[in-house]
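The next block holds one structure in the form of structure tokens; read it before the comments.
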There are 2 protein chains.
Amino acid sequence: MADPNSADMSSGVKRNALSVLMASAKKPKPGPIETLHKSTQGSYSFRDALAPLIQNPDNFVKSGEVMKYTEDYVLIHDKYPKASVHLLILPRESTRTRLHPFQALCPHVSKITGTKDFYDRMSEIVRECEDVAIRELKDLYKKTFTAEDLKVGVHSAPSMSNLHIHVISVDNYSEKLKNKKHYNTFNTPFFVSFDELGTMTREDARIKGGPMYCAQIASNNDLICWRCEKNFQNQFKKLKDHLEEEFILWKREKAGI
Amino acid sequence: MADPNSADMSSGVKRNALSVLMASAKKPKPGPIETLHKSTQGSYSFRDALAPLIQNPDNFVKSGEVMKYTEDYVLIHDKYPKASVHLLILPRESTRTRLHPFQALCPHVSKITGTKDFYDRMSEIVRECEDVAIRELKDLYKKTFTAEDLKVGVHSAPSMSNLHIHVISVDNYSEKLKNKKHYNTFNTPFFVSFDELGTMTREDARIKGGPMYCAQIASNNDLICWRCEKNFQNQFKKLKDHLEEEFILWKREKAGI
DNA sequence: CCCTG
DNA sequence: TATCGGAATCAGGG
DNA sequence: CCCTG
DNA sequence: TATCGGAATCAGGG
Ligand SMILES: Nc1ncnc2c1ncn2[C@@H]1O[C@H](COP(=O)(O)O)[C@@H](O)[C@H]1O
Ligand SMILES: Nc1ncnc2c1ncn2[C@@H]1O[C@H](COP(=O)(O)O)[C@@H](O)[C@H]1O
């Protein structure tokens with residue numbers, strides 16, 4: 001895109017929408033909504049990188065990748081954490097792991113049965129995993145944190161095929177946060193909180209899952225500090241520097257343990 | 001610019017034109033046409049880098065920068081040659097050196113008197129300098145070259161303030177050729193040949209000297225091989241590799257000395 | 001998703 | 001990822 | 001114009 | 001600037 005700030009916004013959007021639609025016409029890429037990344041032909045791809053963790057979590061306990069697991073889920077450290085604490089909840093249910101998160105988790109959206117029950121069970125798990133993340137923050141910084149310091153939810157257009165729920169601290173302080181899209185996927189409506197999933201309607205899902213909505217939101221939005229709301233436009237480097245300052249202030253304001 | 005190949009060309013052009021006009025409204029940058037880079041406030045800038053060579057050519061003979069000079073002109077090696085031979089003719093006439101080349105050189109465009117005479121005198125000098133360039137090619141490659149292997153002319157929006165005429169071999173084979181604009185300033189109508197200058201009308205000059213025409217042409221045009229006309233779009237690196245092949249073929253077809 | 005050019 | 005500041009965007013491929 | 005980020 | 005291939009675009013500053 002060019003001149004995001006200049007002149008005719010509608011024309012810019014239009015061109016962008018067009019190219020997005022054409023792109024999705026060509027290749028069945030991340031394909032928002034419905035079943036994710038149709039796994040035709042057994043050829044493995046980077047999109048399946050989470051599968052081994054679900055299949056055989058025990059293999060990844062020693063390395064620290066897997067923090068805990070039950071019959072129902074695996075809790076892991078995100079391999080490329082976009083904040084000082086960044087965990088992923090991987091539900092193990094084979095009928096849902098390949099579904100788009102809206103289909104797998106939203107009671108009012110899903111076309112398969114039992115989704116309300118599944119969502120409620122996941123709510124319990126989410127609470128447990130939040131506690132793990134909060135403890136991790138406490139151990140790291142010797143301060144008191146709460147669920148308010150976390151975001152829990154999914155990306156409206158995931159790149160990884162296996163169902164996963166992000167549990168991420170709000171700071172976004174991480175060397176793996178390397179570009180604008182990284183930041184915006186957690187700080188725009190591209191990120192859909194677990195709570196939202198519970199109430200989302202099919203119309204909501206249709207819009208948020210739409211290809212051009214997804215493509216637009218993560219890279220076409222200005223960079224806004226999560227804490228002070230300062231606008232950094234496209235200046236990612238400056239945002240990064242700023243995030244360090246906010247990180248320090250954020251920790252400082254927490255009560256000691 | 002975005003999606004140069006896609007959708008609505010005219011809208012692209014329009015946006016671009018707008019931004020160009022706004023830019024020129026802000027700062028009196030290279031200001032196409034008329035007197036170049038109004039030298040208000042004696043603050044020197046990179047635009048004046050050719051001035052010392054005109055003022056005191058003798059200082060630059062030993063270093064090889066100046067090849068020859070007379071009362072009327074200085075012939076130098078371009079410091080950042082965009083081809084295997086790239087010379088600049090610097091007319092020394094003080095009343096013209098700060099003018100836009102169209103004003104300084106075009107008999108039908110210039111608003112000052114004596115331009116026809118000046119152009120005719122420069123024609124003689126151009127012929128002499130072409131001979132120097134041809135000899136340089138011969139010495140380099142031990143082959144026979146002609147004026148057909150050279151381009152002589154000016155940029156429609158020069159960056160350097162002092163009047164200068166490029167004498168450049170057609171090959172564009174040089175490590176200093178580093179981007180699309182470099183190539184296109186010698187291979188699109190942005191480059192105005194010395195012959196054209198002799199016949200150009202004021203209307204021609206108005207168009208070619210217009211800010212958006214200049215901005216457009218050098219960076220919005222596809223990269224086309226000067227020799228085989230293959231289109232490389234924006235793939236400068238591939239053009240560079242190709243230019244090496246063409247360079248070899250070009251030399252090879254020349255008669256031995 | 002990531003990395004590299 | 002201090003100490004003044006000094007990249008963003010995108011195609012290709014795994 | 002050039003270089004750097 | 002070989003030998004298979006692997007950047008383009010842009011703002012800022014001198
Ligand atoms: N092999 C891996 N192990 C753990 N996490 C991963 C791995 N590969 C990618 N990720 C993370 O998975 C997440 C997928 O993001 P998304 O599909 O956009 O929801 C990203 O945060 C990645 O950092
Ligand atoms: N100090 C210099 N000595 C010699 N040539 C130069 C110097 N600085 C820039 N140039 C060349 O001057 C030319 C000016 O181009 P333009 O103003 O676009 O016609 C370019 O080809 C530069 O490589």
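So that the names make sense, note that chain A is the first sequence line, chain B the second, and so on, each numbered from 1. Just so it is clear, the structure is predicted and the values come from calculations on it, not from any experiment.
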F:dG5 - base-pair partner by Watson-Crick or wobble geometry, distances under 3.5 Å: none

D:dG13 versus F:dT1 - spacing of their C1' atoms, nearest Å: 25 Å

Distance below 4.0 Å between A:K82 side-chain N/O and C:dC2 OP1 or OP2: yes

Qualifying residue for ring pair (Phe, Tyr, Trp, His ring centres under 6.0 Å) with B:H86, from B:H164, B:H166, B:H77: B:H166

d(NZ, A:K176; P, C:dC1) in whole Å: 14 Å

Nearest-Å distance for atom pair CD/P, residues A:Q235 and D:dC4: 19 Å

Integer-rounded Å distance: F:dA7 P and B:L177 CG: 15 Å

Distance test, side-chain N/O of A:H182 to OP1/OP2 of C:dC2, below 4.0 Å: yes

Ring geometry between A:F145 and A:W250 (parallel below 30°, tilted from 30 to 60°, perpendicular above 60°): tilted

B:D222 versus B:N231, side-chain donor and acceptor atoms under 3.5 Å: yes

Any A:K178 side-chain N or O less than 4.0 Å from OP1/OP2 of D:dT1: no

A:S84 versus A:D171, side-chain donor and acceptor atoms under 3.5 Å: yes

Aromatic ring of B:F236 stacked on base six-ring of F:dA7, 5.5 Å, 30°: no

Residue-phosphate contact under 4.0 Å: A:K237 side-chain N/O, F:dA11 OP1/OP2: no

Audit row: A:K176, A:D78, salt bridge (Lys or Arg N to Asp or Glu O under 4.0 Å) steps and yes/no: CA-CA 11 Å; A:K176 297 299 184 181; A:D78 192 293; over 6 Å; no

Separation between the C1' atoms of F:dT9 and C:dC2, rounded to whole Å: 22 Å

D:dG12 to F:dC4 separation - C1' atoms, rounded to the nearest Å: 15 Å

Nearest-0.5 Å distance, OH of residue A:Y183 to CZ of residue A:F232: 8.5 Å

Test item: side-chain donor near acceptor, B:N162 and B:T97, under 3.5 Å: yes

Charged N-O contact under 4.0 Å between A:D48 and A:R98: yes

D:dC10 to D:dT3 separation - C1' atoms, rounded to the nearest Å: 35 Å

Under-4.0 Å side-chain N/O to phosphate OP1/OP2 contact, B:K181 with E:dC1: yes

Residue met sooner reading DNA chain D from 5', once A:Y173 and A:K238 are mapped to nucleotides: A:Y173

Residue pairs involving residues 238-250 of chain B (criterion salt bridge (Lys or Arg N to Asp or Glu O under 4.0 Å); sequence neighbours excluded): B:R227-B:E246

5' precedence on DNA chain D between A:F46 and A:S174 (nearest-nucleotide basis): A:S174

Atom-to-atom span, CD of B:E175 to P of E:dC3 - whole angstrom: 10 Å

Per-nucleotide pairing state of DNA chain E [Watson-Crick or G-U, under 3.5 Å; [ ] pseudoknot-crossing; | other strand]: |||||

Protein-nucleotide distance (A:E244, atom CD; D:dA2, atom P), rounded to Å: 6 Å

Residue-phosphate contact under 4.0 Å: B:N234 side-chain N/O, F:dT9 OP1/OP2: yes

Gap between atoms CG and P, on A:D48 and C:dC2 respectively (whole Å): 16 Å

Distance in angstrom units between B:Q233 CD and D:dG12 P, rounded: 11 Å

For atom NZ of A:K79 and atom C1' of C:dC2, their distance in whole Å: 9 Å

D:dA2 to F:dG14 separation - P atoms, rounded to the nearest Å: 24 Å

Sugar-phosphate, base or nothing in reach of A:F247, heavy atoms under 4.0 Å: nothing

Residue closer to the 5' end of DNA chain F, B:N179 versus B:D241 (nearest nucleotide): B:D241

